[in-house]
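For reference, the structure is listed below as C-alpha cells.
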Amino acid sequence: MRVDIISILPEIFASVLDASIIGRARSSGALEVVVHDLRMWTDDRHRTTDDQPFGGGPGMVMKAEPVYRALDAVCANGAQQPTVVLLTPQGVPLTQDLVRELSALPRLVLVCGRYEGFDDRILVRADLELSIGDYVLTGGELPALVLTDSVARLLPGVLGDEDSAFEESFSQGLLEYPQYTRPASFAGMDVPEVLLSGDHARIAAWRRREAVRRTAERRPDLIARADLTQDERVFARRIMEGSG
Ligand code: ADE
C-alpha cells in the first residue's frame, strides 16, 4: 500500500514511521509512505496556508488553493487513483471495521488540517472525512499517524504472527482477554490455573469467556453488535445487569 500525507508539519512524521513494525513494513516494501509539505503549493512570500474566516470569529481557516494544488499534484503522481481522506473531528469515527476496509485499498492520500478547520470547498475533494475520536487535537498529523499505523499492521506480512491481527480486541467485536507472562506468581497475584494447564481447549474456552466478561463490564455498547452464542449473550446480560 502507498500512503501520501499532506501536512504543514512534515517533520512530525519521521520518528514514528521509521520505528518498529511500521519502519519494518516500509523497509520490506509492504508499506510506502511519502510525506509532502503543503507549503510547497503556496504562492506567496510567506507560504501562507491559512486565513481569517469570512463572517468573523476566532481562529484561522485552512485555505483551499494550496490543498487543491497539492491534491492535483499528489494524485496525478502514481498509477493508482488514490482514496483521499481528510482528518478532521467532524469526520466519521474510525473503527476497526473501517481500518480493515481501508487496508484493502492500494493507495491513500491523507490531508492533515491545522487551525480551526478546512475551507469547506476542500471537502468536495475528499472521498472520506475521518475522526479518530470525539476530542479535538491541534491538527490532523497525529490522526494521520494513527490511521497509518492501524492500517499498516493489517497489510499482509507486516505482523510476524499471522494470528495476532485476528485474535485481538475488536476483530471479533470483543475486547481482548486477560494476558499474563512469567512469573506465574507476582505481587500476591497468581496467573489463573487454567493458563498453566496446557489444555488448549480449556484455555480457548476460558479466554473467550473472559473476553465476553470484559466487554460486558467495560464496553456494554459493543455487546449488541458482537457475534455471540445464545449462552454468551445470557452471560453478558447478567454481567451488565450487575448479577454476573
Ligand atoms: N484534527 C483535530 N482533531 C481531530 C480528531 N479527533 N480526529 C481527526 N482529525 C482531527
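Since the structure is predicted, the reported quantities are computational estimates derived from the model, not experimental observations. Whatever order the structure lists ligands and atoms in, that order sets their numbers, starting from 1.
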- Query: Picking from Arg225, Arg218, Arg219, what satisfies salt bridge (Lys or Arg N to Asp or Glu O under 4.0 Å) with Asp221?
  - Reply: Arg219
Residues 51-60, side-chain donor-acceptor partners within the protein, below 3.5 Å, at least two apart:
none

What pairs of donor and acceptor atoms, side-chain ones from residues 117-136 against any protein atom, are under 3.5 angstrom apart with sequence neighbours left out?
{"from": "Asp119", "atom 1": "OD1", "to": "Arg121", "atom 2": "N", "distance (Å)": "2.9"}
{"from": "Asp119", "atom 1": "OD1", "to": "Arg121", "atom 2": "NE", "distance (Å)": "3.0"}
{"from": "Asp119", "atom 1": "OD2", "to": "Arg121", "atom 2": "NH2", "distance (Å)": "2.7"}
{"from": "Arg125", "atom 1": "NH1", "to": "Asp72", "atom 2": "OD1", "distance (Å)": "3.3"}
{"from": "Arg125", "atom 1": "NH2", "to": "Asp72", "atom 2": "OD1", "distance (Å)": "2.9"}
{"from": "Asp127", "atom 1": "OD2", "to": "Val84", "atom 2": "N", "distance (Å)": "2.7"}
{"from": "Ser131", "atom 1": "OG", "to": "Gly133", "atom 2": "N", "distance (Å)": "3.0"}
{"from": "Ser131", "atom 1": "OG", "to": "Gly133", "atom 2": "O", "distance (Å)": "3.0"}
{"from": "Tyr135", "atom 1": "OH", "to": "Ile132", "atom 2": "O", "distance (Å)": "3.1"}

Present, as a list of atom pairs with distances to 0.1 Å, all nitrogen or oxygen contacts under 3.5 Å between ligand 1 and the protein.
{"from": "ligand 1", "atom 1": "3 (N)", "to": "Leu137", "atom 2": "N", "distance (Å)": "3.0"}
{"from": "ligand 1", "atom 1": "6 (N)", "to": "Gly133", "atom 2": "O", "distance (Å)": "3.2"}
{"from": "ligand 1", "atom 1": "6 (N)", "to": "Tyr135", "atom 2": "O", "distance (Å)": "2.8"}
{"from": "ligand 1", "atom 1": "7 (N)", "to": "Ile132", "atom 2": "N", "distance (Å)": "3.0"}
{"from": "ligand 1", "atom 1": "9 (N)", "to": "Thr88", "atom 2": "N", "distance (Å)": "3.1"}

- Does a side-chain heavy-atom distance below 4.5 Å link Val85 with Val109?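 With C-beta onward as the side chain, the pair stays apart.
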- NZ or CZ of Arg213 within 45° of Phe235 ring axis and under 6.0 Å: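 Arg213 over Phe235 ring: no.
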Side-chain donor-acceptor pairs of residues 12-20 under 3.5 Å, sequence neighbours excluded:
{"from": "Asp18", "atom 1": "OD1", "to": "Arg26", "atom 2": "NH1", "distance (Å)": "3.0"}

